2 protein chains.
Amino acid sequence: MKATIKDVAKLAGVSFKTVSRVINKEGTVGQDLQDKVMKAVKELNYQPNLSARLLRGTASSIGFIYDNPNSNYVIDMQRGILGECHRQGYELVIHPCDAKSKTIIDEIIGMVDRSRVGGLVLTPPVSEMPDVLSALNKRKLKYVRILSGANPPDTISPCVFIDDRTAAYKITQYLIDLGHKAIAFLGGDEAHKSSTERMEGYKAALKENKITLDKKLIVGGEYSFESGVKRTRQLLSGSTKPTAIFACNDEIAAGTLFAARIQGIEVPQQLSIVGFEDSPFSRQAWPNLTTAQQPIRTIAQHATSILIDVMRNGEKNVESEGFYPELIVRDSTCPVASRKN
Amino acid sequence: MKATIKDVAKLAGVSFKTVSRVINKEGTVGQDLQDKVMKAVKELNYQPNLSARLLRGTASSIGFIYDNPNSNYVIDMQRGILGECHRQGYELVIHPCDAKSKTIIDEIIGMVDRSRVGGLVLTPPVSEMPDVLSALNKRKLKYVRILSGANPPDTISPCVFIDDRTAAYKITQYLIDLGHKAIAFLGGDEAHKSSTERMEGYKAALKENKITLDKKLIVGGEYSFESGVKRTRQLLSGSTKPTAIFACNDEIAAGTLFAARIQGIEVPQQLSIVGFEDSPFSRQAWPNLTTAQQPIRTIAQHATSILIDVMRNGEKNVESEGFYPELIVRDSTCPVASRKN
DNA sequence: GTTCACAATGACAACGTTGTCTCAAATTAC
DNA sequence: GTAATTTGAGACAACGTTGTCATTGTGAAC
């Protein structure tokens, strides 16, 4: 049914090893034979058997490790990775996991052994866990990390970094430009570097504009709707009332919006809200959320292409690359001057 | 590094074939040897090499075909399938595709050939495309379908069906019980059977309650936010104004909510809205959406287990199974009596 | 006590590929 | 014109598994 390398060889009238040489571009085959082989390949629609290759030792699949409740994020990531894998002839093995699990390292190693993947794409927060990284290094596993940071970290391993800090700075600056001074910050999970990075950007913008930081306006928590609701309720019943809230992601922002609504507070007239992520929610909520957009798919694709390069050619000359989220202004923010009270 | 079947054999002091027999539970190995082998397996943490198995002809991976813009749906599905695969020692190959593409059949066949998957999990709308099914049948490929329907279709192929019709009936009945009579229906993509099934349920409930069907209140379109906004605007500016809108999924409902807001219409006081899906949006929107919940993950898991059974033992005694979405009442609906006008 | 059936186990081939080695032909150097 | 070198291509083994067949031992049947 499916053509094998031997079928191709027979049709082309050469030994099957010669076909292998042509397929793998070893370059020691005469032009005429190459043409014959390629013609036969086309005619039979031959595709090398992945299992046989794998069995022989040539890794042809990569693993995607994630722990993230955010479906949009994961799916976008997955599409980007899958696209690049497909283009380069690799298979993808996905592995959702729980970063808080004690056995996460064993899980990952087990998955690598079982599926014989040749490399891993790591996403936050797993990409930011030193234990995991050192375990991978010890086993000489190739990987590429996607992580949050203003600069590439000084480790040798290749990565793709997302400059959340600068984006958060811009968001905060935008709120300040609208006249806001009492700007609250609702953080995300501590395990995620993105949360602290965004907070740094927020603080930097305040400092730059000589606005004194009010610690009561910074509230830590989780990247979740419920956490957003709870913290917003708490904030709005506090002594210092913010005129704007910078939620660390759109899900928290959804919670903020919800809590504000419950209390009859009008958004944005009485309270400006910004999120981070450009999720479908931010586009479908009323009012639309002002937020920051990350080109997740492109990021994932890029990371994958770096990984495959490393798998093929080793870690020499690997260039880490940065991405910069973009501010998307929508309807959940307005100048403080137009506030009703 | 990784233990092979021969390492286990050596440690247990038996031939590697005997180990193979124990691993595959062929049952022709004496108890004492079995114990020895299992002990060695544990000690070496042996895991069979998938590629070798595949190469030998034993299909050990299944493909997941989807074309759905809804990330939550896909991720849930994927988790369910992956969990079952993992439990049964199968690998998962994912394949997003475009159901509208002319080459979809070639794409799927190509993917099957490349990855040597032994079976497919098909989701709507691909699971409802006769062309695709007959192409798969022709190639004798095993598959399980997840689809919308009140009863299993009369084809031989195994499937898991979701009774959207009954769920839609219940939703409509619920609205009628609240006193609504002018209930609009916003359909989804025509290519999805779920859309027509839900419409059937809607119509049946109206008929049962002797409410005349007003065709102006049924508006076809797509499963998207934009389509929901557009059609709601159209409806609300029409001559017959609905007091409730049954949106075919949560995304459409999101659009409906948005459009209502824009026009200053209060939900649910002036307009009740129901969706379908129990998406995160429905839980995070304000007000929370009344909707119907499908146990996607369980459904996916079940479908996968059926598929693996078919792959192992052929299609005898396959029992298709049905699932019934459940009405989730939240805050976007209220009795028509309490309407403000 | 010999034959037979059957159960438990092992030896070996095969799956489709790539790495290594070998060999023949073509080219170069003298 | 002969020896040395390079080049192109094939033969074969190996990867880790499972299917097929052969072999051994054990107890039952005559």
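A note on names: the letters A, B, ... follow the listed sequences, proteins ahead of strands, and every chain is numbered from 1. Every value quoted in this text rests on a predicted model; they were computed, and no experiment measured them.
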Rounded off to whole Å, could you give me the CD1-to-P distance for the B:Ile23 and D:dG16 pair? 15 Å

What's the closest nucleotide to the side chain of A:Ser15 if the choices are D:dT17, C:dG10, D:dG10? D:dG10

So with a 6.0 Å cut-off around NZ of A:Lys17, is the heavy-atom count from everything else above 12? yes

Here the residues of residues 32-39 of chain A within 4.0 Å heavy-atom distance, strictly under, of DNA chain C are none

Quick one: which of C:dT17, C:dG10, D:dT17 gets closest to the side chain of B:Lys6? D:dT17

May I have the distance from A:Asp7 (atom CG) to C:dG16 (atom P), rounded to whole angstrom? 8 Å

Heavy-atom side-chain contact between B:Ser61 and B:Tyr90 under 4.5 Å: no

Any N or O donor-acceptor pair under 3.5 Å from the base of C:dG19 to the side chain of A:Arg21? no

Tell whether A:Lys17 reaches the base of C:dG19 with its side chain through a donor-acceptor pair below 3.5 angstrom. yes

Can a side chain N or O of B:Ser20 be found less than 4.0 Å away from OP1 or OP2 on D:dT18? yes

Rounded to the nearest 0.5 Å, how far apart are CZ of B:Phe16 and OG1 of B:Thr18? 9.5 Å

Quick check for you: to the nearest 0.5 Å, what is the distance between B:Leu307 atom CG and B:Leu122 atom CG? 9.0 Å

Residue B:Lys193 excluded, over 12 heavy atoms near NZ under 6.0 Å: yes

State whether the distance check finds a donor on one side and an acceptor on the other, under 3.5 Å, for side chain A:Arg56 versus base D:dG16. no

Provide, to the nearest angstrom, the distance between the CG atom belonging to A:Leu54 and the C1' atom belonging to D:dT17. 14 Å

If you check every side-chain atom of A:Tyr46, which of C:dG16, C:dT17, D:dG10 has the closest atom? C:dT17

Which atom of B:Asn68 lies closest to which atom of B:Val74, heavy atoms considered: O-CG2, 3.8 Å

Rounded to the Å, how far apart are A:Leu55 CG and C:dT18 P? 12 Å

When rounded to whole Å, the CG to P distance for the pair A:Asn49 and C:dC15 reads 12 Å

In whole angstroms, the gap separating P of D:dG16 from CG of B:Leu44 amounts to 14 Å

With A:Arg145, which of A:Pro124, A:Pro158, A:Pro152, A:Ser157 fulfils side chain to side chain contact (heavy atoms under 4.5 Å, CB included)? A:Ser157

Compare the minimum distances between each of C:dC12, C:dT17, C:dG10 and the side chain of B:Thr18, then state the nucleotide with the smallest one. C:dG10

Can you measure B:Gln31 atom CD to C:dA8 atom C1' for me and round it to whole angstrom units? 13 Å

Could you tell me the separation between the CD1 atom of B:Ile5 and the P atom of C:dA14, rounded to a whole number of Å? 19 Å

